[in-house]
Amino acid sequence: AGAILRRRAAIKLPDNLFDNNAPLLRTLNANQVDRFPTQRSLFANLRSFSVSNPNSHSGYNYPSRLVMYETLRSMPLLEYLSLSNCMAREGSGVDAVPFDLPHLRELSLSGPVDACSTVLQPLRVAKHCKVSISTTDEVPAVRDKTDVLFSNLGRTGYNVDFAPKTLLI
């Protein structure tokens, strides 16, 4: 008999993770959670933030653009950011207020082109930041949306003339 694969249920994030007090927290990896972590009081000292919704499961509550931006803005020391199928699903709409993540060395985004583009829109990073974008859309959809994606990538400060040249799409 074959193995039975079951879809793992979303893990419910507590409303008061660490009782809203974790000054020594440097890394937060949230995998298969029910929502995007937004407790900004926990993020001031984070160096690594990763949220993954691997199966795009229906139990996940996607953040709004503004909530996602405010959460990322609260991580001024961030060096590594990985977001997979967990980003705001709204279109980019009106430009958001730009913000810097000057210490970011690596940015990894995976999901629909629109969601990846939405993350990039207000973000400003250092020239040396390694950027990896993996889209989950079909090829024709990616082709139709690359202008906006590359426009938003250009706004981040990512510089293709700076060595090492690392851009994976």
Side-chain angles (χ1 to χ4, degrees), residues 3-22 25-99 101 104 106-123 125 129-142 144-146 148-149 152-153 156 168-169:
I4 297 175
L5 297 176
R6 292 196 175 121
R7 196 175 195 178
R8 196 169 95 187
I11 298 167
K12 182 171 177 9
L13 278 179
D15 291 331
N16 270 336
L17 186 63
F18 304 118
D19 201 25
N20 282 329
N21 184 23
L25 184 64
R26 299 293 183 265
T27 300
L28 179 60
N29 294 326
N31 186 20
Q32 196 94 16
V33 293
D34 65 334
R35 61 191 153 91
F36 195 83
T38 57
Q39 289 176 261
R40 292 188 289 271
S41 60
L42 299 178
F43 301 148
N45 294 314
L46 273 187
R47 303 305 194 274
S48 177
F49 182 68
S50 174
V51 182
S52 179
N53 178 16
N55 301 317
S56 298
H57 58 81
S58 59
Y60 184 80
N61 294 314
Y62 292 92
S64 70
R65 271 185 335 123
L66 296 178
V67 166
M68 182 179 67
Y69 296 154
E70 286 302 314
T71 300
L72 296 175
R73 188 177 278 122
S74 70
M75 304 176 191
L77 303 175
L78 202 62
E79 297 174 2
Y80 175 78
L81 174 61
S82 177
L83 302 175
S84 179
N85 294 315
C86 64
M87 298 88 82
R89 290 293 200 239
E90 308 165 8
S92 54
V94 177
D95 285 348
V97 175
F99 63 94
L101 291 178
L104 199 64
E106 189 170 339
L107 171 64
S108 177
L109 302 174
S110 178
V113 174
D114 289 338
C116 294
S117 187
T118 297
V119 173
L120 295 171
Q121 184 185 17
L123 189 59
V125 299
C129 184
K130 176 183 176 183
V131 178
S132 176
I133 300 172
S134 176
T135 62
T136 57
D137 295 309
E138 297 295 324
V139 173
V142 173
D144 293 342
K145 299 174 182 180
T146 54
V148 173
L149 179 69
N152 285 343
L153 180 61
T156 66
L168 306 171
I169 295 184

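Small disclaimer: the values here were computed from a predicted structure and weren't measured.
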| task | Any chance you could lay out the side-chain contact (heavy atoms from CB on, under 4.5 Å) test for Leu28 and Leu42, step after step, and finish with the verdict? | result | CA-CA 10 Å; Leu28 179 60; Leu42 299 178; 5.8 Å; no
Nearest 0.5 angstrom please: [X] [atom1] to [Y] [atom2], how far?
X: Leu46; Y: Arg26; atom1: CG; atom2: CZ; answer: 8.5 Å
X: Met75; Y: Phe99; atom1: CE; atom2: CZ; answer: 9.0 Å
X: Phe49; Y: Thr27; atom1: CZ; atom2: OG1; answer: 11.5 Å
X: Thr71; Y: Leu66; atom1: OG1; atom2: CG; answer: 10.5 Å
X: Glu70; Y: Phe43; atom1: CD; atom2: CZ; answer: 12.5 Å

| field | Donor-acceptor under 3.5 Å (Asp34 side chain, Leu13 main chain) | value | yes
Taking the side chain as every heavy atom from C-beta outward, state whether [X] and [Y] have any atom pair closer than 4.5 Å.
X: Asn53; Y: Tyr62; result: yes
X: Asn85; Y: Pro112; result: yes
X: Leu81; Y: Leu72; result: yes

| said: Once side chain to side chain donor-acceptor pair (under 3.5 Å) is applied, do any residues pair with Asp15, and if so which ones, sequence neighbours excluded? | reply: Arg35
| Residue list, side chain to side chain donor-acceptor pair (under 3.5 Å) with Gln39, at least two apart or on another chain | Asn20
For [X] against [Y], the heavy-atom pair lying closest together:
X: Cys86; Y: Tyr60; result: O-OH, 2.9 Å
X: Arg40; Y: Ser74; result: CG-OG, 3.5 Å
X: Pro37; Y: Ala30; result: CG-CB, 4.1 Å
X: Ala88; Y: Thr118; result: CB-CG2, 4.5 Å
X: Val119; Y: Leu123; result: O-CB, 3.7 Å

| Taking only residues two or more places apart in sequence or in another chain, which ones pass side-chain contact (heavy atoms from CB on, under 4.5 Å) with Ser84? | Ser52, Ser110
| request: Any chance you could lay out the side-chain contact (heavy atoms from CB on, under 4.5 Å) test for Leu25 and Asn45, step after step, and finish with the verdict? | output: CA-CA 7 Å; Leu25 184 64; Asn45 294 314; over 6 Å; no
| query | Does the pair Leu107 and Leu101 meet the rule for a side-chain contact (heavy atoms from CB on, under 4.5 Å), with working shown? | reply | CA-CA 10 Å; Leu107 171 64; Leu101 291 178; over 6 Å; no
| request: Mind running side-chain contact (heavy atoms from CB on, under 4.5 Å) on Tyr69 and Val97 for me, showing each step along the way? | output: CA-CA 9 Å; Tyr69 296 154; Val97 175; over 6 Å; no
